[in-house]
Amino acid sequence: MSQIPTIETTRLSLRGPEPQDYPDFKATFTSYRARFMGGPLNAYESWMLYAAEIGHWDIRGFGMWMVHDRVTDETYGMVGGWQPAKWPEREIAWVIWPDKAGRGYALEAAHAARSYFYRQQNWETAVSYIDPKNLDSIRLAERLGAKRDDSAASIDGNDVVYRHPSPAALSGTQLAHGIEMEIGHYADPLFKPEGWAID
């Protein structure tokens with residue numbers, strides 16, 4: 001079984017999915033929150049998908065992390081790499097539990113995950129496959145610097161592909177600084193975001 005690395009950020013600890021994390025996963029994927037991810041799923045489908053999340057690390061050598069609060073250890077969602085069968089490319093993917101959205105956790109975790117894949121696994125590119133009706137995820141992809149890539153193959157024609165900036169295009173740039181600054185704002189307990197409640 002592969003050793004899943006742990007990533008620490010300002011507020012979060014990204015760790016491999018474990019059996020005790022399943023109830024939150026099931027609650028999300030059997031709910032309306034999963035409507036843009038092939039759901040809502042039934043209990044069996046949810047269990048099978050969670051098993052796939054764990055097995056993906058052994059099959060691909062990368063996968064999804066469970067997003068934990070560094071202080072309380074509460075879980076907020078999952079973020080990481082995803083490439084099951086029929087996925088044309090490696091994906092940066094995320095899901096935040098319904099009651100934890102709007103606090104910048106997905107931005108902070110996805111930025112850390114992408115940085116890990118770029119620096120530690122030498123990825124030169126990554127995409128995110130997003131349902132065109134999932135405006136929150138589209139906004140998050142754009143905040144991460146991803147741009148719609150209509151030339152890229154989609155999964156099944158019902159998704160849009162957002163191409164993340166390459167490591168060279170991201171390193172030391174104003175975009176990277178802006179992402180770090182936004183994450184810093186969310187980490188400030190006095191920060192009150194305005195407008196859309198986005199991840």
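For this chain, numbers begin at 1 and follow the sequence in order.
Aromatic ring orientation, Phe62 versus Trp123: perpendicular (interplanar angle above 60°, classes split at 30° and 60°). The aromatic rings of Tyr76 and Tyr105 lie parallel to each other, with less than 30° between the two planes, well short of the 60° mark.
Considering only heavy atoms from C-beta on, Arg163 comes within 4.5 Å of Glu89 through its side chain. Under the 4.5 Å side-chain criterion, counting only non-hydrogen atoms from C-beta, Tyr162 is not in contact with Ser137. Using a 4.5 Å heavy-atom threshold, the side chains of Lys100 and Glu74 count as touching. In this structure, Phe117 and Ile92 have side chains that are in contact, with non-hydrogen atoms separated by less than 4.5 Å. Using a 4.5 Å heavy-atom threshold, the side chains of Glu53 and Trp82 count as touching. Two residues are said to be in side-chain contact when any heavy atoms from C-beta on lie closer than 4.5 Å; Glu8 and Thr6 meet this criterion.
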| query | Going through the checks in order, is the side-chain contact (heavy atoms from CB on, under 4.5 Å) test met by Glu45 and Leu49? | reply | CA-CA 6 Å; Glu45 292 167 334; Leu49 180 58; over 6 Å; no
| task | Quick one: do Arg15 and Asp73 satisfy side-chain contact (heavy atoms from CB on, under 4.5 Å)? Show the steps, please. | result | CA-CA 11 Å; Arg15 304 200 299 270; Asp73 206 41; 2.8 Å; yes
| Given the rule in the side-chain contact (heavy atoms from CB on, under 4.5 Å) test, do Val161 and Tyr129 qualify, once you have shown the distances and angles that lead to the verdict? | CA-CA 5 Å; Val161 184; Tyr129 299 106; 3.7 Å; yes
| query | Do His111 and Thr9 pass the side-chain contact (heavy atoms from CB on, under 4.5 Å) test, and can you show the C-alpha distance, the side-chain angles, and the key distance before you say yes or no? | reply | CA-CA 10 Å; His111 178 58; Thr9 72; over 6 Å; no
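Here the shortest heavy-atom pairing between Pro5 and Tyr116 reads CG-OH, 3.3 Å. Contact between Ser154 and Gly157 at its shortest, heavy atoms only, is OG-N, 2.8 Å. Summarising the geometry of Ala113 relative to Gly80, their closest heavy-atom pair is CB-CA, 4.2 Å, with the distance given to 0.1 Å. Between Asp159 and Pro132, the shortest heavy-atom distance links the atoms CA-CD, 4.2 Å. The two residues Tyr22 and Ser46 have their closest heavy-atom pair at OH-OG, 3.4 Å. Pro88 and Ala153 make their closest contact through CG-O, 3.7 Å (heavy atoms, listed as atom of the first residue, atom of the second, distance).
Checking Glu91 against Ser128 by side-chain atom types alone, no donor-acceptor pair falls below 3.5 Å. Side chains of Thr75 and Asp21: a donor-acceptor N/O pair is absent below 3.5 angstrom, by distance only. Side-chain polar atoms of Gln83 and His56 form no donor-acceptor pair below 3.5 angstrom.
The cluster map of Ile, Leu, Val, Met, Phe, Trp and Tyr, joined by side-chain heavy atoms under 4.5 Å apart, puts Tyr50 and Tyr44 in the same cluster. Val71 and Trp65 end up in different hydrophobic clusters when Ile, Leu, Val, Met, Phe, Trp and Tyr side chains are linked at under 4.5 Å. Following chains of ILVMFWY side-chain contacts shorter than 4.5 Å, one cannot reach Ile59 starting from Ile155, and the two form parts of different hydrophobic clusters.
Separation of atoms CZ (Arg139) and CD1 (Ile130) is listed at 11.0 Å; rounding is to 0.5 Å. In this structure, CG on Leu14 lies 11.5 Å from CD1 on Ile4, to the nearest 0.5 angstrom. Rounded to the nearest 0.5 Å, atoms CZ (Arg143) and CG (Leu175) are 12.0 Å apart. Interatomic distance, Asp131 CG to Ile138 CD1, rounded to the nearest 0.5 Å: 8.0 Å. We find the OG-CE distance between Ser13 and Met66 to be 12.0 Å, quoted to the nearest 0.5 Å. We find the CH2-CG distance between Trp94 and Asp136 to be 11.0 Å, quoted to the nearest 0.5 Å.
The backbone N or O of Leu144 sits less than 3.5 Å from a side-chain atom of Arg114, completing a donor-acceptor pair. Proximity of a side-chain donor or acceptor of Glu182 to a complementary backbone N or O of Leu107 within less than 3.5 Å is not detected. A donor-acceptor contact shorter than 3.5 Å is absent between the side chain of Ser171 and the backbone of Pro167.
Annotation for Gln20: atom CD counts as buried by contact number, over 12 foreign heavy atoms lying within 6.0 Å. Applying the 6.0 Å contact sphere to CZ of Arg70 captures more than 12 heavy atoms from other residues, nucleotides or ligands.
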